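Keep in mind it's a predicted model, so treat the numbers as computed, not measured.
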Amino acid sequence: MPGLFRTPPVPPAAMSGAGAAILRYLNDTDTGIAAGIDRVLDTAEDLHRRRTRH
């Protein structure tokens, strides 16, 4: 695999902080996201579980 595609592991706290910032931005700028925030969060949690399950 070329070095360009290798990335160092990202600490969970950084991922959480980045995710929270993205979610705040979407919630503040997209009324569709704001109206369905519970569905968005449930979907994100489900995708995270699938991605981290081995």
Side-chain angles (χ1 to χ4, degrees):
M1 176 185 306
L4 176 63
F5 297 107
R6 289 188 202 137
T7 58
V10 178
M15 289 296 286
S16 293
I22 292 167
L23 189 57
R24 275 192 306 273
Y25 172 79
L26 290 173
N27 191 52
D28 290 346
T29 59
D30 187 323
T31 56
I33 295 288
I37 197 68
D38 289 334
R39 181 184 52 78
V40 171
L41 293 173
D42 289 343
T43 301
E45 187 176 1
D46 182 52
L47 290 172
H48 174 72
R49 274 196 210 109
R50 285 193 226 168
R51 184 174 174 259
T52 56
R53 190 176 6 178
H54 295 289

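For the atom pair Asp42 CG and Leu47 CG, the distance stands at 11.0 Å (nearest 0.5 Å). For the atom pair Thr43 OG1 and Asp38 CG, the distance stands at 10.5 Å (nearest 0.5 Å).
Scanning all heavy atoms of the two residues, the minimum distance from Leu23 to Leu41 falls at CD2-CD2, 3.3 Å.
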